Amino acid sequence: MLDIRLLREQTDDVKAQLGRAGVEPAAVDAVLAYDEQRRTLLKEVEALKATRNAVSKEIGKMKDAAARDTKIAEMRGVGDRIAELDRQVAQVEEQQRMAILELRNLPHPSVPDGPDEDHNVVIAQEGQPRAFDFTPKPHWELGEQLGIIDFERGVKISGSRFYVLKGLGAKLQRAVIQWLLDLHGRQGYTEVYTPFVVKEETVWASGQLPKFRDNLYRDVEDDLWLVPTAEVPVTSLHRDEIIDAAQLPLHYCAYTPCFRREKMSAGRDVRGIKRGHQFDKVEMYKFVHPDTSYAELEKLRADAEECCRLLGIPFRTKALCTGDLGFAATKTYDVEMWAPGQSEWLEVSSCSNVEAFQARRANARFRPEPGARPEFVHTLNGSGLGMPRTIIAIMENYQQANGSIAVPEVLRPYMGGIDVIG
RNA sequence: GGGGAGGUCGCAUAGUGGCCUAGUGCGCGGCACUGGAAAUGCCGUAGGGGGGCAACCUCCUCGUGGGUUCAAAUCCCACCCUCCCCGCCA
């Protein structure tokens, strides 16, 4: 959520910045119109309430019954008017809230312009794609041949876009998760284990609602939502809290499964395990002082890149352009691993600064100085890493001529010493 | 799931329709006293919204949301959460 004061005071600037991401200026004007209405109504109703409060106090002290009854009758009318105005205020406030919640975050000035993902800018690339003396296979072939991915039974159990990992495939994923969590611990992140189903307000706080309603699974009975990313529960860790400034920055990492209906991506990436309704992810998340959030973004990106580097897989990093930037983000780096089997760069991490966008929704604040007014923190999130794609990259990069898969060095301790699958 | 108790300022508690502009103690901050400290005394200690150049004025919040009333922490309704007992059960 954007700051209503910013919209009021720097209207043209906000419109210009939103315009870079394709948002019509009218969307801003709509919010401001509601805001204007709201403040007009507030002035009137509050004056009436002040009167009523004062007169009610007098009534309590009055001895003269007749004068008293006159005042009571008078206040009855005022009360009716207040009730009517309160209704209007509530309605306008709700309309304003909905309108402002639909507004995306402002792109940072350093974000390149561009209409879509083809205009993202590669800013770093590391590791040489391996030279194969045989034709590398895509992971779905390797997985079936080795008996570590079972697509058919996944579909039997839960339908399309579900799969089963089996034997060393399941163990490999568990090893990667474990290794990543340990690595992030060394990088200074505190591991948290959160609920995987959350209340509706938790999904609002991180910005997935109202925009992505169709992409979420939900239990109607208890109104609990399955998390689409750890970002959702972790954002709400400090919801409605005022954090001691000395505690910042707070760095968390969390493993969760992620559940996505993928209604918007129907038909894309149907082959293999790249895009499923359920996948595992280790997420990094930061609550930081606003002055430091862009420096923290660079560190976040470096931490994600380190994961790829240590796994020994070629990767590149892109700065997303305005047209590809997510709803909540001011600036985003995507980290992609090379998958030689399907000849594709796979997004394994997306590192974003969202500034106060989520913090404002979540009401997560800090006190800059003792006694000072609380301010919103800045939050950042980045995968470290997304599971199925990391697994794909490992399988395809480490495959051998005989169809077996070597286990990356760093994972071997987590695989009980197993150094090859197959 | 059934029964009971309870949710008030950072913590603990008082408050059963107008004297609540929510009191008191503790904690915290400042000042005074002191060679310095302890003790003591004084002052201050929530968040948000609106108005105003400002000083300041004002509205809302006593778990949440409704309702009754001129007036609600206080009365009524619904819901949420915590604790205890019983039942069931990974």
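Nothing here was measured: the structure is a model prediction, and the numbers come from that model.
Annotation: B/rC26 and B/rC80 have their P atoms spaced 39 Å apart (nearest Å). Across B/rA22 and B/rG17, the matching C1' atoms stand 15 Å from one another, rounded to whole Å. Nucleotides B/rA71 and B/rC60 have their P atoms positioned 12 Å apart, rounded to a whole Å. Here the separation of B/rG15 from B/rU24, taken at their C1' atoms, is 11 Å to the nearest Å. Taking atom C1' in both B/rG27 and B/rC11, one finds a spacing of 7 Å when rounded to whole Å. Distance noted for atom P between B/rA37 and B/rG30: 12 Å (whole Å). Remark: the separation of the P atoms in B/rU16 and B/rC75 is 9 Å, to the nearest Å. For the C1' atom pair drawn from B/rG25 and B/rA14, the interatomic distance equals 11 Å after rounding to whole Å.
Under the 3.5 Å distance criterion, the side-chain polar atoms of A/S349 are matched with a main-chain donor or acceptor of A/S383. With hydrogens and angles ignored, the 3.5 Å screen pairs no side-chain donor or acceptor of A/D150 with any backbone N or O of A/K166. At distances below 3.5 Å, at least one donor-acceptor pair connects side-chain atoms of A/R367 with backbone N or O atoms of A/A372. Remark: the backbone N or O of A/Q247 is not paired with any side-chain donor or acceptor of A/D244 at under 3.5 angstrom.
Residue contacts for A/I59: at a heavy-atom cut-off of 4.0 Å it reaches a base atom on one of the strands shown. Within the nucleic acid shown, A/K71 has no heavy atom closer than 4.0 Å to any nucleic acid atom. At the heavy-atom level, A/R38 lies under 4.0 Å from the strands shown only through sugar-phosphate atoms.
Pair assignment for B/rU64 gives B/rA78, based on Watson-Crick or G-U wobble hydrogen-bonding distances that are each under 3.5 Å. Under the Watson-Crick and G-U wobble criteria, each requiring two contacts below 3.5 Å, nucleotide B/rG1 is paired to B/rC86. Checking B/rG29 for Watson-Crick or G-U wobble geometry (two distances, each under 3.5 Å) identifies B/rC43 as its partner. Pairing partner, B/rU13: B/rG23, with both Watson-Crick or wobble hydrogen-bond distances short of 3.5 Å. The nucleotide B/rG18 finds its pairing partner in B/rC70, both defining distances of the Watson-Crick or G-U wobble pair being shorter than 3.5 Å.
A heavy atom closer than 4.0 Å to some atom of RNA chain B occurs in no member of residues 194-201 of chain A. For RNA chain B, none of the residues of residues 87-95 of chain A falls under the heavy-atom distance limit of 4.0 Å.
Between A/K57 and A/G79, it is A/K57 whose nearest contact on RNA chain B lies nearer the 5' terminus. For the pair A/G60 and A/R52, nearest-nucleotide mapping onto RNA chain B gives the more 5' position to A/G60.
Taking the six-membered ring for Trp and the full ring otherwise, the centers of A/H289 and A/F366 sit less than 6.0 Å from each other. For A/Y252 and A/H184, the distance between ring centers is not under 6.0 angstrom. For A/F357 and A/F327, the distance between ring centers is under 6.0 angstrom.
Ring geometry for A/H277 against A/Y217 counts as perpendicular: the plane angle is over 60°, on a 0 to 90° scale with 30° as the lower cut.
With sequence neighbours left out, the salt bridge (Lys or Arg N to Asp or Glu O under 4.0 Å) criterion links A/R20 to A/D113.
Taking every nucleotide of RNA chain B with any atom under 4.0 Å from a non-hydrogen atom of chain A, the first and last of them, 5' to 3', are B/rG18 to B/rA71.
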Donor-acceptor pairs are to be reported for all side-chain atoms of residues 405-417 of chain A against protein atoms at under 3.5 Å, with residues two or more places apart or in another chain.
from	atom 1	to	atom 2	distance (Å)
A/R412	NE	A/V407	O	2.8
A/R412	NH2	A/V407	O	2.9
A/Y414	OH	A/D182	OD2	2.6

Show me the side-chain donor-acceptor pairs of residues 99-107 of chain A shorter than 3.5 Å, one per line, residues at least two apart or across chains.
from	atom 1	to	atom 2	distance (Å)
A/R104	NH1	A/L325	O	3.3
A/R104	NH1	A/G326	O	3.2
A/R104	NH2	A/G326	O	3.0
A/R104	NH2	A/A329	O	3.0
A/N105	ND2	A/A328	O	2.9
A/N105	ND2	A/V354	O	3.0

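Contact annotation: the side chain of A/I123 approaches that of A/Y333 to within less than 4.5 Å [non-hydrogen atoms, C-beta and beyond].
At least one test fails for A/R239 against the ring of A/W204: distance under 6.0 Å to the centre or angle within 45° of the axis.
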